[in-house]
Amino acid sequence: MTSPRGRTLAGALCAALLAVAGCGIPENTEVQVDGSGPAVEAGASSFRRSEPPARAAAGTDRETFVRNFLSAAAGEPDRAYAKVKQFIAPENKSRLQDKQGSEVAVNVVRLTEDPVITENANGLFSVLLRVQQIGVLRSNGVLAPPVATEREYRFTLRGAVSPGQQGTEEAGLFVTDPPNVLLLSERALREYYQTRPVYFWNSDQTRLVADQRYLPLAVPDERRVSEVVKWLLAGPSEWLRPAARPLPDRTALINNAIETDGRWEVTLELPGDDNRKLGRIGIQLAWSLPELDGQLQLTTRNQSRVAIADLEQHRLAHPLYPVDHTPQRFTVYDGAVHALSFPGEASGVVPLVPADNRNVVSAGLSRVEDRIFAALVVGAPGGRQRLAVGSGTGTVGVHKGTQTFGAIGRPVWLRSLDPGQPYGLMVADGQLYRFDDRARTVPVPLTAPGRVTAVAGSLDGHRLALVIGGKLHLAAVNLAGGLVSVGPARAVATSLRDLSAVDWAAENTLVVAGTADRSAVYYVSTDGALETTLVADVGARVTHLAAYPTNPVVPLPSALIMYEANGVAYRYPSPDTIRRDQVLEVTPPPAGVRPGSPTAPFFLY
């Protein structure tokens, strides 16, 4: 039972994964755009049920058979091995050893080219798959980092053993020497799973942190709530654990969740029978099940009880993020921060003391309650750069740091709930640094080797996206006790190479710039499995990228994205550059002088 407002809220979560055709284009270059329709969402928001095709569905079509074979493991984990073995010749089934429960692991791969199928002299067909390893899909819906390192798989196809078997279960094609692991293509992950964020409390239980999971579309409606509860019981993904805490030890689900007259009932074994603990779990479930409205009752074995009368209202009363305004666009023009003006959007006012708004290279602004936090990269003597930072209400003055660097990337603020302890991050000369509101900088060690060239923080303030050694990484951030600690960096596989910029486009979606034969901009899920091309050919290397991530608190139809390439700024999905006449409060240049170009665009929210 879902009300129109409940469907709207669920749709807001899914809207984070929508892209609109179009792009910004550098002058005098041809840009190719590919990105209309769903971006990186797996499955469908209508909760349709879908099973992959059976072995015989392909008939004698070898290409279709191989594609179906790479889909066979999709669905509920306890059936994965049985379904894959249906594709394997009877005499070879023993080569794939069954696993059960939490041991079920499906290797998700991205085909880097079409399968190569070659007919042999003996009438069999050799198959070569060239792949990129994406990750291991676990029974708890987590797509963990890949374990396998193979870049190709080979196996053989045969037809029926003898003539006359057409129309029988022995007809069609079989795999005769299968890989010894379960394989699932990235395409099948899109088709037969739905992405589901589940939410865990941060270490001090003040903020929920999103964790991406995959729910098979084959799971019946009546089991969805139970599956999400089990995911919460299993705890956050490995890489996220430094920032997110699991449910209390020894918490367990007693029987499956049941629905009666629109009210869901969940019974837990919960140490301590603490109604405050139940209340926090109720908030987690309300956000982890955004398609549900109506009532939810949580009960413990000893009859402690928390009743949520209206799940939709409960979400509104406990918002995920402290954002309550639409974002405002800004840019750097002639060495100063200026607001941007576009039809249909509210324009902001530059919250900087005019005397400090000079010699600016790039900037990051953030709002916490009624305070504005400003971080500016400004020029320093000898062609170097330094950080200038300040905070306050209304117009903000900044303090210049004493340390200078050869080059500093766009500074970003961690979205802390405590305006009295603001922290930000920046990349300078290939190293990640933490800074405070007095422009004091401290190096932040990372576990991944390589030169750091970009950093972006999520809306919850506890997840980072980083470009290290030209590759995409994720890391969790813990802000407990006023300290900033970054957990182990997880490498994320993408089709892009030589990455140059990254930002958050949604809770579990990134916008990433890099190279795919040509300079391009992609949507990429936080685990790397799902990609959508936004701009296929930018025409030049993207040197600056900023986005306002879609979220269920301030819903927008799609992520807002701006970027810079070849010294010129663009607003996706507009086909035009950001022009000088869209920059507010600038003085026209003298006659005969070519106006400058807006650069380093960013959002204030």
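Both backbone and side-chain heavy atoms feed into the values below; hydrogens, waters and symmetry mates do not.
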Participant: State, with a plain yes or no, whether a side-chain heavy atom of V368 is found less than 4.5 Å away from one of P422.
Facilitator: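 No - every pair of side-chain heavy atoms lies 4.5 Å or more apart.
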Participant: R571 and L340: side-chain contact (heavy atoms from CB on, under 4.5 Å), yes or no, with the steps?
Facilitator: CA-CA 11 Å; R571 175 175 64 108; L340 288 168; over 6 Å; no
Participant: Quick one, F200 and R245 - any side-chain contact, counting heavy atoms below 4.5 Å?
Facilitator: no
Participant: I'd like to know if the side chain of T550 and the backbone of L556 have a donor-acceptor N/O pair within less than 3.5 Å.
Facilitator: no
Participant: Provide the closest heavy-atom pair for A339 versus F330 in the form atom of the first, atom of the second, distance.
Facilitator: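 So the minimum-distance heavy-atom pair works out to CA-CD2, 3.5 Å.
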Participant: In Å, rounded to the nearest 0.5 Å, how long is the span from OG of S558 to OH of Y523?
Facilitator: 5.5 Å
Participant: Once rounded to the nearest 0.5 Å, what's the spacing between atom CE of M562 and atom OG of S574?
Facilitator: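 Nearest 0.5 Å value for the CE-OG distance: 12.0 Å.
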Participant: Check whether any side-chain heavy atom of D334 sits under 4.5 Å from a side-chain heavy atom of V586, and report yes or no.
Facilitator: no
Participant: Which heavy atom of L143 sits nearest to which heavy atom of V108, and what is that distance?
Facilitator: CD1-CG2, 3.7 Å
Participant: For the backbone of W239 and the side chain of S237, can you confirm whether one donor and one acceptor N or O come within less than 3.5 Å of each other?
Facilitator: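 Between the backbone of W239 and the side chain of S237 there is no qualifying donor-acceptor contact (under 3.5 Å).
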Participant: Which residue pairs satisfy the ring pair (Phe, Tyr, Trp, His ring centres under 6.0 Å) criterion with at least one member in residues 539-559, sequence neighbours excluded?
Facilitator: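 Pairs touching residues 539-559 that pass the test: Y548-Y605.
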Participant: Which heavy atom of V396 sits nearest a heavy atom of S391, and at what distance?
Facilitator: CG1-N, 3.4 Å
Participant: Taking all atoms of both residues into account, what is the closest heavy-atom pair of R490 and A144, and its distance?
Facilitator: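 Minimum heavy-atom separation between R490 and A144: NH2-C, 3.6 Å.
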Participant: Within the structure provided, determine whether W231 and R196 are in side-chain contact (heavy-atom separation under 4.5 Å).
Facilitator: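 Of all side-chain heavy-atom pairs linking R196 with W231, at least one is under 4.5 Å.
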Participant: Is there any side chain to side chain donor-acceptor pair (under 3.5 Å) pair reaching into residues 581-593, and which pairs are they, with sequence neighbours excluded?
Facilitator: R579-D581
Participant: Please tell me if the side chains of L425 and V444 come closer than 4.5 Å, counting only heavy atoms from C-beta onward.
Facilitator: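 The answer is yes, as the side chains (C-beta and beyond) meet within the 4.5 Å cut-off.
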Participant: Side-chain contact, heavy-atom cut-off 4.5 Å: R207 with P322?
Facilitator: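 When only atoms from C-beta onward are counted, P322 and R207 do touch, with a gap below 4.5 Å.
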Participant: Could you check whether S495 and E531, counting side-chain N and O atoms only, form a donor-acceptor pair closer than 3.5 Å?
Facilitator: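 A pair is found: one side chain offers a donor N or O, the other an acceptor, under 3.5 Å apart.
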Participant: Under the side-chain contact (heavy atoms from CB on, under 4.5 Å) criterion, do V353 and V398 qualify, and how do the steps go?
Facilitator: CA-CA 8 Å; V353 171; V398 297; over 6 Å; no
Participant: Listed by chain and number, what are the side-chain hydrogen bond (donor to acceptor under 3.5 Å, both in side chains) partners of S500, not counting sequence neighbours?
Facilitator: none
Participant: Is any side-chain heavy atom of V511 less than 4.5 Å from a side-chain heavy atom of Y572?
Facilitator: no
Participant: Sequence neighbours left out, what passes side-chain hydrogen bond (donor to acceptor under 3.5 Å, both in side chains) with S366? Give chain and number order.
Facilitator: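 Partners of S366 under the side-chain hydrogen bond (donor to acceptor under 3.5 Å, both in side chains) test: R415.
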Participant: Is there a donor-acceptor contact under 3.5 Å from the side chain of T331 to the main chain of T599?
Facilitator: yes
Participant: If the condition is salt bridge (charged side-chain N to carboxylate O under 4.0 Å, His left out), which residues does R386 pass it with, not counting sequence neighbours?
Facilitator: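 R386 satisfies salt bridge (charged side-chain N to carboxylate O under 4.0 Å, His left out) with no residue once adjacent residues are dropped.
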Participant: Run through K277, R276, R280 and flag the one making a side-chain hydrogen bond (donor to acceptor under 3.5 Å, both in side chains) with Q205.
Facilitator: R280
Participant: Would you confirm whether Q328, through its side chain, and L604, through its main-chain N or O, come within 3.5 Å as a donor-acceptor pair?
Facilitator: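 Checked: no pair found.
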Participant: Looking at OH of Y522 and CG of L510, how far apart are the two atoms once the value is rounded to the nearest 0.5 Å?
Facilitator: 15.0 Å
Participant: Under the side-chain contact (heavy atoms from CB on, under 4.5 Å) criterion, do V228 and L285 qualify, and how do the steps go?
Facilitator: CA-CA 8 Å; V228 170; L285 281 174; 4.2 Å; yes
Participant: Salt bridge (charged side-chain N to carboxylate O under 4.0 Å, His left out) with D211: which residues, sequence neighbours excluded?
Facilitator: R213
Participant: Compare every heavy atom of R315 with every heavy atom of L289, then report the nearest pair and how far apart it is.
Facilitator: O-NH1, 3.3 Å
Participant: Give, for atom OG of S597 and atom CG of N566, the distance between the pair rounded to the nearest 0.5 Å.
Facilitator: 9.5 Å
Participant: Sequence neighbours left out, what pairs pass side chain to side chain donor-acceptor pair (under 3.5 Å) with at least one residue falling in residues 337-365?
Facilitator: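 Of all non-adjacent pairs touching residues 337-365, those that pass side chain to side chain donor-acceptor pair (under 3.5 Å) are R329-E345.
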Participant: Between T509 (side chain only) and A505 (backbone N and O only), is there a donor and an acceptor less than 3.5 Å apart?
Facilitator: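 Absent.
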Participant: Using residues 461-478 as the side-chain source, report each donor-acceptor pair under 3.5 Å to any protein atom, sequence neighbours left out, with the distance given to one decimal.
Facilitator:
unit_1: H462; atom_1: ND1; unit_2: V477; atom_2: O; d: 2.8
unit_1: H462; atom_1: NE2; unit_2: N202; atom_2: ND2; d: 3.1
unit_1: R463; atom_1: NE; unit_2: D460; atom_2: OD2; d: 3.0
unit_1: R463; atom_1: NH1; unit_2: A210; atom_2: O; d: 3.4
unit_1: R463; atom_1: NH1; unit_2: E507; atom_2: O; d: 2.9
unit_1: R463; atom_1: NH1; unit_2: N508; atom_2: OD1; d: 3.1
unit_1: R463; atom_1: NH2; unit_2: D460; atom_2: OD2; d: 2.9
unit_1: R463; atom_1: NH2; unit_2: E507; atom_2: O; d: 2.8
unit_1: H473; atom_1: ND1; unit_2: K471; atom_2: O; d: 3.1
unit_1: N478; atom_1: OD1; unit_2: S203; atom_2: OG; d: 3.4
unit_1: N478; atom_1: OD1; unit_2: A480; atom_2: N; d: 2.8
unit_1: N478; atom_1: ND2; unit_2: P242; atom_2: O; d: 2.8

Participant: Just to verify, what does R138 make a side-chain hydrogen bond (donor to acceptor under 3.5 Å, both in side chains) with, not counting sequence neighbours?
Facilitator: none
Participant: After noting the C-alpha distance and the side-chain angles of D527 and V492, does the key distance pass the side-chain contact (heavy atoms from CB on, under 4.5 Å) rule?
Facilitator: CA-CA 6 Å; D527 49 35; V492 178; 5.8 Å; no
Participant: Could you state the interatomic distance from CD1 (I283) to CH2 (W201), rounded to the nearest 0.5 Å?
Facilitator: 4.5 Å
Participant: Would you check if the side chain of R241 reaches a backbone N or O of G487 as a donor-acceptor pair within less than 3.5 Å?
Facilitator: no
Participant: Has S519 got a side-chain atom pairing as donor or acceptor with V538's backbone, closer than 3.5 angstrom?
Facilitator: no
Participant: Which residue pairs pass the side chain to side chain donor-acceptor pair (under 3.5 Å) test when at least one of the two sits in residues 398-414, sequence neighbours left out?
Facilitator: R384-T404, H399-R438, Q403-T441, R410-D503
Participant: Can you check whether V553's main-chain N or O pairs, donor with acceptor, with N551's side chain at less than 3.5 Å?
Facilitator: yes
Participant: Just wondering, do Q284 and L208 contact through their side chains at under 4.5 Å, heavy atoms?
Facilitator: yes
Participant: With sequence neighbours excluded, tell me which residues meet salt bridge (charged side-chain N to carboxylate O under 4.0 Å, His left out) with D429.
Facilitator: none
Participant: How many angstroms lie between OG1 in T393 and CZ in R371, if you round to the nearest 0.5 Å?
Facilitator: 6.5 Å
Participant: Sequence neighbours left out, what passes side-chain hydrogen bond (donor to acceptor under 3.5 Å, both in side chains) with R451? Give chain and number order.
Facilitator: none
Participant: What closest approach, in Å, do A516 and L496 show between heavy atoms, and which atom pair accounts for it?
Facilitator: CB-CD2, 3.8 Å
